[in-house]
There are 2 protein chains.
Amino acid sequence: MTISAESQVQIDNAEVRVTQWRLPRGGATGHHRHEMDYVIVPVIAGEMTIVAPDGSRSKAQLQAGQSYFRKAGVEHDVLNETYIDIVFLEVELKP
Amino acid sequence: MTISAESQVQIDNAEVRVTQWRLPRGGATGHHRHEMDYVIVPVIAGEMTIVAPDGSRSKAQLQAGQSYFRKAGVEHDVLNETYIDIVFLEVELKP
């Protein structure tokens, strides 16, 4: 059984949408495609498991407050295979 | 004596600039004007003292991961009058 991620929109205006995501142990976002360029800001340190569309898996380390940028078009599923919650903000940049 | 804030640019591209700010106890950003709309993402909980251009002071509570949005044109100084560092990301949205 897959546990859903929890999401909470903090800001949504003409320029930007900011969503807080929380993935509990065993949680997954589900496969999705990013329609906008985005910045990720980890809120707590952790490790994400990324599943690419071809099924290949990789790990990504998260450091609290260490942001990164990605272009629209990225497709993946994000899983939490650790024992602590994954919490991050997604800052989507509206065109 | 005023202690300077430390800043570190994490992302700077055509769409966005993300800067991490750290204000130690007694630290201040110095008076500044925001030239771009921006999102603040606190990295750790804390309390900022905001000094407006007219010298009036207010306190703002920061919760880790609780973001907020402001339009360009805001002018202020930001001080740390507490005993713990203030750490936040400033996400500036390029026009």
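Chain letters run A, B, ... following the sequence lines, proteins first, then strands; residues in each count from 1.
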> Does the side chain to side chain contact (heavy atoms under 4.5 Å, CB included) test come out yes or no for B:His76 and B:His32, once each step is laid out?
Replying inline: CA-CA 6 Å; B:His76 52 206; B:His32 60 278; 3.3 Å; yes
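Each of A:Val39, A:Val43, A:Val41, A:Val18 was evaluated against B:Val41; a single residue qualifies, A:Val41, per the side-chain contact (heavy atoms from CB on, under 4.5 Å) test.
In terms of heavy-atom pairs under 4.5 Å with chain A, the best-connected choice from B:Asn13, B:Val87, B:Ile44 is B:Asn13.
The contact between B:Lys71 and chain A is made entirely by side chain atoms (from C-beta outward), counting heavy-atom distances below 4.5 Å. Only the backbone of B:Tyr68 comes within contact range of chain A, with at least one heavy atom under 4.5 Å from a heavy atom of that chain. Looking at B:Gln66, both its backbone and its side chain come within 4.5 Å of chain A, counting heavy atoms on both sides.
For B:Glu92 and B:Arg17, the salt-bridge test passes: some basic side-chain N is under 4.0 Å from an acidic carboxylate O. The residues A:Glu81 and A:Arg25 are annotated as not salt-bridged, no charged nitrogen and carboxylate oxygen being separated by less than 4.0 angstrom.
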